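Worksheet: one structure, shown below.
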Amino acid sequence: MIVILGGGFAGVSAYNQNSEAVVVDKKDFFLLTPWVIDYVCGLKELEDVTVKYKRVVLGELRKIDYKGKRVILDKDREIRYDKLIVSLGHHQNLPRLKGAREYAHKIETLDDAVALRKRLEEVKNVVIVGGGATGVELAGNIRGKNITLIHRKERLLPTMTTGSSKRAEKLLTELGVNLMLKVSAEEITKEGVVTSNGFVKSELTIFAGGLKGPQIIDTIEHRNKDHRLLVDKYLRSVEFNDIYGAGDCATFENEDIPMSANTAVISGRVAMRNAMGEEVEFRPKRLATILRVGEDFFGDFGDNYVEGNSARLLRSIAYTESLMLPEKLRR
Ligand SMILES: Cc1cc2nc3c(=O)[nH]c(=O)nc-3n(C[C@H](O)[C@H](O)[C@H](O)COP(=O)(O)OP(=O)(O)OC[C@H]3O[C@@H](n4cnc5c(N)ncnc54)[C@H](O)[C@@H]3O)c2cc1C
């Protein structure tokens, strides 16, 4: 039996290749993470960003018994496997920044998003730490607040094209966001953020960066410094040949696999085909990353910068595809 740990983008895509597999997840719904910020900013509602599934074994993973080939879930339940696909996503690495665990809001789960939307109703001064896609979309879509965005690097969206970085900087500046580029956040306190450029007062600090693999990967010897499972080009664990890794929690030893929804979908598909006996190589590709700031849509399509109607169209296609992804698990 093939067991899939985690029913997110990678896990659902793996299941779509083989519906005899068993999917284990701690929640009974699929979360459309790329639209969670729209929910936080009041542009979408819960039913727009979640899809309830039926065919999932509901349970929190406690342990993988690699030798005994079993996974142990809460309430001492166990499931035996012949092949295991680990697709448990990522966590935000809050301990990396002093005070973040105590005083910053993270944005990782639906509960985080619900709490954040509520808290936003109560405050005026918001500081966002991290100028990647999440930080930029938050800064660009939260309305009626004084927003500061602190970003360590020289340009926003550092993993995207310079066209996207420039567009983000222009739009956020026009919206009146206080951009602090080349500034690092050093500590979060109850009153605000200590930065390399002085103290910034804040009623609500959102930590929008610092990703790492899930804790369970720590029980595997062959992982990288960000707790991601090391896999070969067939997405097979370099340590256990009956275990495959897909999505954000897995990466190559000499090249980082990008953490994104569409990469996760492709890797889930490849991991399942290989778990079923094929030998398909996984080659990470840059696909589309489209951001929304108000009514402006822009981003990267492969290595090219896109904006306007074509960007809007790409984003709406991605939304429809994500909504359809868990279709087989709903029945
Ligand atoms: C706010 C936000 C916005 C994002 N925006 C974008 C975007 O615009 N574009 C983009 O490409 N990517 C975006 N991402 C990243 C994207 O969501 C991830 O790259 C993608 O979800 C990775 O898929 P995955 O299958 O690896 O993990 P996930 O989709 O996170 O799935 C992991 C699954 O594992 C389950 N799980 C975890 N731990 C356990 C456990 N112990 N026991 C049982 N189940 C467990 C979880 O419940 C979850 O269902 C965003 C992420 C966030 C948080």
Side-chain angles (χ1 to χ4, degrees), residues 3-15 23-41 44 49-51 53 56-64 71-74 77 79 85-92 105-113 116-117 128 130 132-138 141 157 159-160 206-211 213-217 219 228-229 235 245-251 257-269 271 284 286-292 297 299-300 314-315 318-319 321-322 325-326 329:
V3 174
I4 303 168
L5 290 179
F9 281 88
V12 170
S13 158
Y15 179 82
V23 181
V24 177
D25 204 294
K26 62 183 175 188
K27 53 180 180 48
D28 66 352
F29 58 88
F30 179 76
L31 182 61
L32 280 79
T33 44
W35 290 274
V36 160
I37 291 164
D38 283 5
Y39 166 77
V40 169
C41 300
K44 282 201 174 355
V49 296
T50 52
V51 180
Y53 28 52
V56 161
V57 175
L58 204 55
E60 173 120 26
L61 175 71
R62 294 277 190 249
K63 193 179 153 197
I64 303 174
V71 292
I72 316 293
L73 308 182
D74 53 318
R77 289 173 297 159
I79 305 178
I85 297 179
V86 183
S87 48
L88 291 164
H90 70 255
H91 289 300
Q92 283 184 271
H105 263 263
K106 61 186 177 73
I107 175 149
E108 188 181 287
T109 63
L110 185 62
D111 287 349
D112 295 335
L116 198 51
R117 177 159 159 170
I128 299 164
T134 302
V136 166
E137 280 205 324
L138 280 168
N141 292 299
L157 307 172
T159 61
M160 295 179 67
I206 307 172
F207 183 64
L211 305 183
Q215 213 68 44
I216 199 87
I217 305 292
T219 58
R228 295 175 80 191
L229 170 72
L235 298 178
D248 287 356
C249 70
T251 193
I257 298 180
M259 288 181 167
S260 79
N262 43 32
T263 307
V265 167
I266 299 169
S267 68
R269 207 178 293 147
R286 268 175 170 270
L287 296 162
T289 306
I290 306 296
L291 279 76
R292 169 202 184 125
F297 292 79
D300 295 352
L314 283 167
R315 194 165 156 101
Y319 181 66
E321 281 177 353
S322 297
L325 195 68
L329 281 171

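These numbers come from a predicted model, not from an experiment. As the structure lists them, so they are numbered: ligands from 1, and atoms in each ligand from 1.
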Using modelled atom types and a 3.5 Å cut-off, is there a donor and acceptor pairing between side-chain atoms of Y319 and backbone atoms of W35?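 Checked: no pair found.
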Any sub-3.5 Å donor-acceptor pair from E60's side-chain atoms to D74's backbone N or O?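 Checking the backbone N and O of D74 against the side chain of E60, no donor-acceptor pair under 3.5 Å is found.
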Between ligand 1 and the protein, give all atom pairs where both partners are nitrogen or oxygen and the distance is under 3.5 Å, as lines of names plus distance to 0.1 Å.
unit_1	atom_1	unit_2	atom_2	d
ligand 1	11 (O)	A261	N	2.9
ligand 1	12 (N)	A261	N	3.4
ligand 1	17 (O)	T33	OG1	2.3
ligand 1	19 (O)	D248	OD1	3.0
ligand 1	19 (O)	D248	OD2	3.0
ligand 1	19 (O)	S260	N	3.3
ligand 1	25 (O)	F9	N	3.1
ligand 1	25 (O)	A10	N	2.8
ligand 1	26 (O)	D248	N	2.8
ligand 1	29 (O)	F9	N	3.2
ligand 1	42 (N)	L61	N	2.9
ligand 1	44 (N)	K26	N	3.1
ligand 1	47 (O)	D25	OD1	2.7
ligand 1	49 (O)	D25	OD1	3.4
ligand 1	49 (O)	D25	OD2	2.6
ligand 1	49 (O)	K27	NZ	3.0

Using side-chain heavy atoms (C-beta onward) and a distance below 4.5 Å, is L32 in contact with V51?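 Result yes, sub-4.5 Å side-chain heavy-atom pair found.
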Notebook entry, point to check: Would you say R228 and I257 make side-chain contact, with heavy atoms under 4.5 Å?
Noted result: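 Yes - at least one pair of side-chain heavy atoms lies under 4.5 Å apart.
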**Asked** Taking all atoms of both residues into account, what is the closest heavy-atom pair of A264 and F9, and its distance?
**Response**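 Scanning both residues, the minimum pair turns out to be CB-CB, 3.9 Å.
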For the residue pair N262 and S260, confirm or rule out a side-chain donor-acceptor distance under 3.5 Å.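 There is such a pair (donor and acceptor under 3.5 Å, judged by atom type) between the side chains of N262 and S260.
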